[in-house]
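Take a look at the structure below.
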Number of protein chains: 2
Amino acid sequence: MPAKLSAGYGTMTLTAKPIQHHYAYHQIAEEIQAQILRGDLKPGDQLPGEAELGVMFGVTRSTVREGLRQLESDGLVHRPSPRRLEVTVPQADQLTTRAGRAMALMKVTFRELWEVTMVTEPLAARLAAQHATAEEIEQLQHLHADLLASEGQMARTIALDEQFHTRIADMGKNRVLGLAREPIALLLFRGFAKIAPFAPQFYKRQIEAHSNIIAAFRDGDSERAEKWARMHIEDFWRGAQLAGLEDAIALSPRAVT
Amino acid sequence: MPAKLSAGYGTMTLTAKPIQHHYAYHQIAEEIQAQILRGDLKPGDQLPGEAELGVMFGVTRSTVREGLRQLESDGLVHRPSPRRLEVTVPQADQLTTRAGRAMALMKVTFRELWEVTMVTEPLAARLAAQHATAEEIEQLQHLHADLLASEGQMARTIALDEQFHTRIADMGKNRVLGLAREPIALLLFRGFAKIAPFAPQFYKRQIEAHSNIIAAFRDGDSERAEKWARMHIEDFWRGAQLAGLEDAIALSPRAVT
DNA sequence: TTATGCCTTATTGTCGGACACTAAATGCAA
DNA sequence: TTGCATTTAGTGTCCGACAATAAGGCATAA
């Protein structure tokens, strides 16, 4: 994306895309990536060895390797074993990790996370109510039971709560929503650890909300599912307010490693 | 994330996290990343040269380089010039690119994009109405004028429309929303190119919606801004329906390169 | 036959050294 | 001080090499 630079010259805006170098390793990564995006290389395809790639591109193995390292961390290729190098579609958890890291480094606040979560979770619940299968609802019920059983074990409770919400998002069968909400929900819910001590009574409210959401799923009542999800997240916010965390920074270094 | 393997043995479920190797280059990337996340290295800090890093970690320069390439494409470090290697916070457009690529490769449908956009854009509008400065609204007005002037030039119209929405999101001062919606909006709006030919009359509706949104901003009326944003996106959907694109795959190879 | 263990071989991960090129630091002139 | 020339350190790329080992082939056992 071109960098925009607006100096005080009227409404003039100079956009200049930074000139890109032509480093060999970069070109190699670029070229292979292009072939993947173009569909010439499909997920699952195996790539030639490093040496062979070297001769194909007319560079040394060292150079090829640097390019591959980039593609690798881009998630476009991966090595099931050191010997196999195959094309793959970027994994969701990888994107989640990156986004989470970025948000942590940007020092986003709980408010920012919450504002977005306020729309994503209700949407997830609504979609789930529309698309969930009986079996999925059953599984969710199990998860809920586990969560009930985890009372007192903070870490476990949080992990299960995260899972609960992620599961709901998955039930909605919308991969875009799944991708978008995951890193956000992760950071936000993880903050629950800081809130919980301030508000023991919220635990019960959370449980109640979960129950009602599940019930709404059973009835295929998307309106109700959405409403309870919204209340659920609102509740969360009240907890954050009590804890005075509204504009606190939601960093979670461990959300990554 | 551990791979789950449930063979037909009752309800037994074996979970096994794939063992991870400890390649030197990977460890180096890992270590530096950890120091960044931990805050030992702050954005802007300059890192030692490759050779020096080599001796510090007790490996060859080649090995260091491979590690750096990873960090580089993770966006945690970058080179303003080949000589400077400094810590940086991941840039939004980098994440956008990633996510966009991933969604394209996942072959997400317009429906999936739209369902999410239906909640993100209204939220963006509401937040913008609350936080926008007079100057920002002024700039948005200019952008709108440019958009009006671009009638007929499909590519330009789309680009400006994208900008219009992104600008609104920025005005809401919520970086999380900005990060989450950008790749989605990009893919969706870019699909407008396919819709437009089917629905010339929609152009006017879009313009009208934009005008109303700006007006709502002027009045600081977040409700109205949100409502118009929602209608705006709904309109878009109707266009998609006319074009029969609801479950079409929204790939955008060029969204990347 | 199928399955199991062994062996060979192709590749990887890492190393060390080398060299051209150039950005940045340095010194010098104005 | 500012502007220019010069040195220098560090990057991008290449070459060659070697231990370790996963993959595939082969032989043996069940």
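In what follows, chains carry the letters A, B, and so on, assigned in the order in which the sequence lines appear, proteins first and then strands, with residues in each chain numbered from 1.
Partners of B:His78 by side chain to side chain donor-acceptor pair (under 3.5 Å), not counting sequence neighbours: none found. In terms of the side chain to side chain donor-acceptor pair (under 3.5 Å) criterion, A:Gln91 has no residue partners (sequence neighbours excluded). Every residue two or more places apart in sequence or in another chain that forms a salt bridge (Lys or Arg N to Asp or Glu O under 4.0 Å) with A:Asp40 is listed here: A:Arg38. For A:Gln163, there are no side chain to side chain donor-acceptor pair (under 3.5 Å) partners at least two apart in sequence or on another chain. Listed by chain and residue number, A:Gln46, A:Glu86 satisfy the side chain to side chain donor-acceptor pair (under 3.5 Å) test with A:Arg84 (two or more places apart in sequence, or in another chain). For B:Leu47, the side chain to side chain contact (heavy atoms under 4.5 Å, CB included) partners two or more places apart in sequence, or in a different chain, are B:Ile32, B:Leu85, B:Val87. Contacts of A:Asp161 classified as salt bridge (Lys or Arg N to Asp or Glu O under 4.0 Å), with partners at least two apart in sequence or in another chain: none. Partners of A:Ala102 by side chain to side chain contact (heavy atoms under 4.5 Å, CB included), not counting sequence neighbours, listed by chain and number: B:Pro90, B:Leu95.
Summary for the helix from C:dT1-D:dA30 to C:dC28-D:dG3: the axes at its two ends, each from 5 pairs, differ by 30° when rounded to the nearest 10 degrees.
Of the residues near DNA chain D, A:Tyr25 and A:Arg83, the one whose nearest nucleotide (by heavy atom distance) lies more toward the 5' end is A:Tyr25.
Using a 4.0 Å cut-off on heavy atoms, the residues of residues 58-70 of chain B that approach DNA chain D are B:Arg61, B:Arg65, B:Arg69, listed by number.
B:Glu112 places a side-chain N or O within 3.5 Å of a backbone atom of B:Thr109 that can act as its donor or acceptor partner.
Heavy-atom contacts of chain A under 4.0 Å fall on DNA chain C between two terminal nucleotides, which in 5' to 3' order are C:dA10 to C:dT14.
Note: CZ (B:Arg84) to P (D:dT11) measures 12 Å, nearest angstrom. One interatomic measurement links the two molecules: NE2 of A:His22 to C1' of D:dT13, which rounds to 12 Å at whole-angstrom precision. Atom P of nucleotide D:dT11 and atom CG of B:Leu85 are separated by 8 Å, given to the nearest angstrom.
Within the structure, salt bridge (Lys or Arg N to Asp or Glu O under 4.0 Å) pairs that include any residue of residues 136-149 of chain B comprise B:Glu136-B:Lys173 (at least two apart or interchain).
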